[in-house]
Structure formats: structure tokens, C-alpha cells
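Just so you know, these numbers use all the heavy atoms, side chains as well, and skip hydrogens, waters and symmetry mates. For this chain, numbers begin at 1 and follow the sequence in order. When a ligand or atom number is given, it counts from 1 through the structure's own listing order.
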Amino acid sequence: MTISFPQNFIWGVATSAYQVEGATSEDGRGESIWDRFCTKPGAISDGSSGAVACDSYHRYAEDITIAQQLGVKAYRLSIAWPRIVPQRDGKINQAGIDYYRRLLDALREAGIAPFVTLYHWDLPQYLEDNGGWSNRETALCYADYVKTMAEALGDRIAVWTTLNEPWCTAYLGYGNGIHAPGIQDYGKALAAVHHLNLAHGLGVQAIRSVIGDTARTNVVLNLATNVIDEDTEENRIAKHRADLIANEVFLGPMFEGCYDSEIFKVTENDSDWSFIADNDLSTIHQPVESLGINYYSSAHVRHAGLSSTRVSTRNPLPAQDIVEILPPTGELTAMGWNQEPQVLTAELLGLSRRFENLKLVVTENGSAWNDVVSADPAMPNGKIIHDTQRVNYLNQHIAAVAEAMDQGANVTGYFAWSLLDNFEWSLGYEKRFGIIGIDYATQERIWKDSALRYREIIAANAV
Ligand code: IFM
């Protein structure tokens with residue numbers, strides 16, 4: 001069966017600065033928390049860092065050519081804050097701005113719309129030295145940085161994303177510490193949640209103050225898609241708790257202007273939330289054009305029993321101790337994640353019903369597999385990667401988006417994660433999400449079957 005998409009549906013690919021750029025000490029870039037974190041023994045499973053990554057800082061023209069060959073209408077990238085405001089003195093680094101001008105100009109020439117994320121986890125280290133996201137001051141510095149970007153690049157950016165996955169920044173960065181800056185302090189994680197929310201609101205205000213009310217803004221969330229298999233009262237309580245801590249802490253303030261009071265109650269052992277100042281919630285609750293959704297897999301949860309301690313990578317707060325995440329089933333990706341496209345359909349439908357006039361964009365979706373390079377004289381560099389599993393994942397998830405739209409979900413675009421294999425944070429280069437492969441020894445870009453399939457889907461505007 002073939003399902004068509006609307007003519008104006010946005011097909012895109014996504015990357016982020018620290019994961020692809022490299023050149024971490026070039027042209028006046030300052031240190032980020034990930035540069036520092038990568039030097040910590042054991043922090044990154046293969047001992048690597050983003051110092052070179054895909055070298056896209058130098059090879060962006062080649063990457064844009066590939067994006068053009070894929071036929072995408074949009075490219076989602078992020079700006080490295082430490083390239084723009086490298087030092088504590090707050091001076092703007094013109095070379096950093098110039099780099100992004102060149103990149104955005106190249107996209108414009110290629111006819112590709114830039115969807116630009118202003119914060120995809122690479123906080124300047126000097127801000128972390130002052131408490132990072134656990135300090136309110138960071139949200140204020142973020143607003144200054146965003147205003148600078150709007151003034152410098154306002155005419156070149158199609159859609160502005162304030163934050164990528166604040167869940168990861170707060171809970172993995174400050175809760176269980178598996179991401180930079182590697183802090184394990186639940187109170188700080190909750191303070192980070194609030195200051196990220198505040199940064200989002202201040203960021204939207206800063207963009208609108210420069211560009212006007214027509215500025216196209218959004219935020220990208222990786223909402224937990226918790227599923228219960230047995231519909232019991234206890235399991236519903238567990239799912240509700242997991243949803244509160246992972247999702248409602250962001251959706252409530254950003255889209256409804258309030259925190260559910262139950263959040264304060266279930267986290268009272270870790271924080272009194274006294275970091276919320278008067279008027280913060282009205283600052284956070286700003287009009288945005290869309291909500292970006294990153295979806296990879298679901299989590300099957302059940303009630304763990306009150307005496308258990310079930311704090312895990314995906315449930316990093318003690319307040320989630322009644323939630324047990326069940327082992328994933330079915331064919332798992334190289335990340336150990338399940339594949340449940342129908343949960344993406346349900347997520348999109350649920351959000352569209354809850355936020356009636358809000359557009360949704362699938363800003364990341366993809367899968368990691370253990371790829372093998374084969375010879376193919378017909379391909380540009382004589383090589384190809386036959387990644388059947390990634391092709392299947394792509395087909396099924398795009399079909400799931402179509403299904404959600406068919407049932408009424410207001411979805412306006414889909415971005416494959418990722419254009420390129422890249423630095424997968426604490427898992428280094430071992431996990432490959434690209435639809436284009438990277439040979440890190442030579443920096444060769446190698447096409448995969450998934451890229452060829454994505455090109456077909458885009459050309460047909462159908463799956
Ligand atoms: O690589 C990450 C990306 O930076 C944020 N979303 C999830 C991806 C895969 O783990």
C-alpha cells in the first residue's frame with residue numbers, strides 16, 4: 001500500500017554541532033562541557049571525543065551536497081554556543097558567527113531550509129564552572145546568546161529551536177551523570193529542569209524581540225513513550241508517575257503555563273523548587289509555532305512495588321522508584337532499543353488531541369545498527385552499506401507518521417536522525433545512526449541503502 005504526504009510536507013535530515021563539526025579548538029571556539037567531560041576516564045565508552053567527529057566544520061559543503069542529492073527540503077543543525085561566546089567575558093567571537101553564516105548561505109544556495117537548534121547540549125564550560133543549568137544565571141546568559149544569534153543570523157534561519165531534549169540535559173547531565181557535566185545530584189537536576197524551561201521562554205522572547213511575532217519557533221522534546229501491558233490501577237499509577245517526571249515537567253510549563261502540583265509532591269525529598277521565581281511561568285509559557293518530537297523507541301513500564309529502587313538510565317530520579325521499566329522485546333537496535341512504530345502513531349495523535357492548534361514535527365527518528373561496508377562500483381566512491389534493518393525501521397516509522405496524519409494528527413515534517421554517522425555522546429563512535437556512513441579514518445561519506453530509500457520516499461512524497 002502506498003500512502004502519500006501533503007505537498008508541503010517537510011522532509012529533512014538532522015545533525016548537531018558537537019556530534020559532527022569537530023574543529024573544537026579552531027577559530028576561537030571556547031571549551032564546552034562535552035570537551036571537558038570527554039577527558040574524564042571512563043566517561044565515553046570508546047575513550048573518544050568530538051574533537052574531529054565528521055569534520056563537518058571543514059566538510060559542510062560536501063554534506064550539504066549529499067543532503068541536496070537526497071532531495072531534502074530542510075536540514076536541522078545546531079549552533080555551538082562556545083563558538084559564539086567562547087569566554088566568560090561575554091565577548092562575541094565573529095569567526096564563529098561567520099562560520100554559521102557560510103553554512104547557512106550554502107544551505108540557501110542548495111535550496112534547503114535551515115531548522116536551527118540553539119542548544120544541543122554543548123554548554124560553554126565557564127558557565128558550568130558557575131553551576132551550569134542548576135544556576136538561574138545560565139538561562140539569562142542563554143537569552144543574551146540567543147538575541148545575538150537572532151541579530152546576526154535572523155535573515156538566514158527558517159525555524160528556530162530553543163532547546164534539544166532538555167530531559168537529557170537535566171536528568172542525564174545532573175541526575176545520573178552519564179552525560180556532561182557528569183553531576184549526580186537530583187536537586188540540581190530539578191533546578192536544571194526549571195532553568196531550561198526558563199531558557200526556552202526567554203529564548204523565544206529574545207527571538208521575537210528581534211525578528212517580530214512572525215518568527216517561527218519551537219522546542220524539541222524527547223517525550224518518554226511509556227506503555228503499560230496490563231491495565232491495572234497500580235500500573236496506571238506507575239505510568240502516570242513516569243510521565244510526570246519525564247514529560248509533564250516540560251509540557252506543563254511550556255505549553256500550559258504551570259507545573260502539575262503532584263510534581264512538587266513526588267520530588268519533595270530532592271527539592272523544594274524554591275528556584276521558581278515570580279512570573280517565571282508566564283515567561284516560560286510563550287507562543288510557539290510547533291513542537292518537535294524526537295522518537296526512537298517505547299518503554300514498557302509497570303508498578304515496581306513500593307519497596308523497590310528502580311532508578312535506571314531511563315528513569316534517573318528517585319521519584320520514579322515505583323516505576324519498573326521492563327526489558328525491551330522484539331528485534332532490538334544496536335542501542336538495545338525496541339522498535340514500536342505504532343507507539344509513535346499514538347504519541348502524535350495524543351499530542352494533537354491535547355494541543356489542538358499546535359503543529360508537530362518529527363525532528364528526530366532513526367536507528368543504530370552494526371553496519372558493514374560492501375564494494376559497489378556503481379556508487380560514488382565504490383562503496384555501499386546494505387543496512388536492511390535501518391531501511392525497515394525507516395519505512396515503518398514513516399508509515400507510522402502517515403497513519404497518525406490519516407487519523408488527524410497535525411504533523412508537518414519528518415527529519416531522519418541522522419544525516420551522518422556521528423559522535424553518539426557517552427557511546428562515542430561505536431553506535432551508527434547515519435543514513436550516510438562515515439569512515440572515520442578517511443572521513444569518506446558512504447551511502448547506505450537507507451539513504452537511497454529515503455531519497456525514493458522524498459521523491460515520491462509517499463511511503
Ligand atoms: O544522537 C542523539 C541526539 O543527539 C539526540 N537525540 C537522540 C540521538 C540518538 O541517541
Side-chain angles (χ1 to χ4, degrees), residues 12-22 32-35 37-38 43-46 48-50 53-54 56 75-81 115-123 161-173 176 178-180 196 218-225 246-247 250 291-299 313-314 316 328 332-339 343-344 347 361-371 387 389-390 393-394 397 414-438 440 450:
V13 281
T15 61
S16 88
Y18 192 72
Q19 293 181 275
V20 301
E21 282 180 1
S32 80
I33 54 173
W34 275 93
D35 300 307
F37 188 64
C38 290
I44 311 299
S45 57
D46 61 2
S48 66
S49 76
C54 310
S56 291
Y75 181 38
R76 177 169 174 249
L77 61 109
S78 78
I79 290 179
W81 186 352
F115 279 49
V116 174
T117 302
L118 293 154
Y119 185 72
H120 195 127
W121 309 356
D122 41 3
L123 187 72
T161 297
T162 53
L163 306 171
N164 180 72
E165 301 182 357
W167 180 92
C168 294
T169 303
Y171 293 141
L172 305 186
N176 63 11
I178 67 165
H179 276 190
L196 285 154
N218 72 17
V219 62
V220 166
L221 302 178
N222 58 327
L223 299 174
T225 42
N247 303 342
F250 300 111
L291 166 61
I293 289 299
N294 291 354
Y295 177 85
Y296 291 88
S297 64
S298 71
T313 304
R314 293 177 86 171
L332 306 185
T333 71
M335 297 291 281
W337 296 347
N338 70 18
Q339 302 181 66
V343 176
L344 173 58
E347 180 183 19
V361 182
V362 177
T363 34
E364 284 180 28
N365 176 241
S367 56
W369 300 98
N370 298 319
D371 295 331
D387 57 340
Q389 292 146 313
R390 194 178 285 101
Y393 182 100
L394 186 74
H397 286 77
Y414 173 93
F415 288 71
W417 183 270
S418 173
L419 172 64
L420 308 171
D421 287 344
N422 58 48
F423 178 73
E424 179 53 24
W425 308 109
S426 50
L427 300 173
Y429 295 97
E430 286 164 356
K431 305 295 178 212
R432 294 176 177 271
F433 275 93
I435 57 171
I436 298 289
I438 300 281
Y440 291 108
S450 53

N or O pair under 3.5 Å between Asn422 and ligand 1: no
Within-shell test, Trp167 vs ligand 1, heavy atom, strictly < 4.0 Å: no
Ring centre gap for Phe423 and Tyr429 strictly below 6.0 Å: yes
Ligand 1 N/O within reach of Glu165 N/O, cut-off under 3.5 Å: yes
Residue Trp337 vicinity, atoms of ligand 1 by number, heavy atom under 4.0 Å: 10 (O)
From Asn222, Thr363, Asn365, residue fulfilling side-chain hydrogen bond (donor to acceptor under 3.5 Å, both in side chains) relative to Asn294: Thr363
Structural part of Phe423 in contact with ligand 1, heavy atom criterion under 4.0 angstrom: neither
Any donor-acceptor N or O pair under 3.5 Å, side chains Asn338, Ser298: yes
Asn164, any N or O under 3.5 Å of ligand 1 N or O: no
Atoms in ligand 1 with a heavy atom of Glu424 nearer than 4.0 Å: 1 (O), 2 (C), 9 (C), 10 (O)
Aromatic contact, Tyr18 with Phe37 (centres under 6.0 Å): no
Gap between atom CZ of Phe250 and atom CG of Leu196 - 0.5 Å precision: 6.5 Å
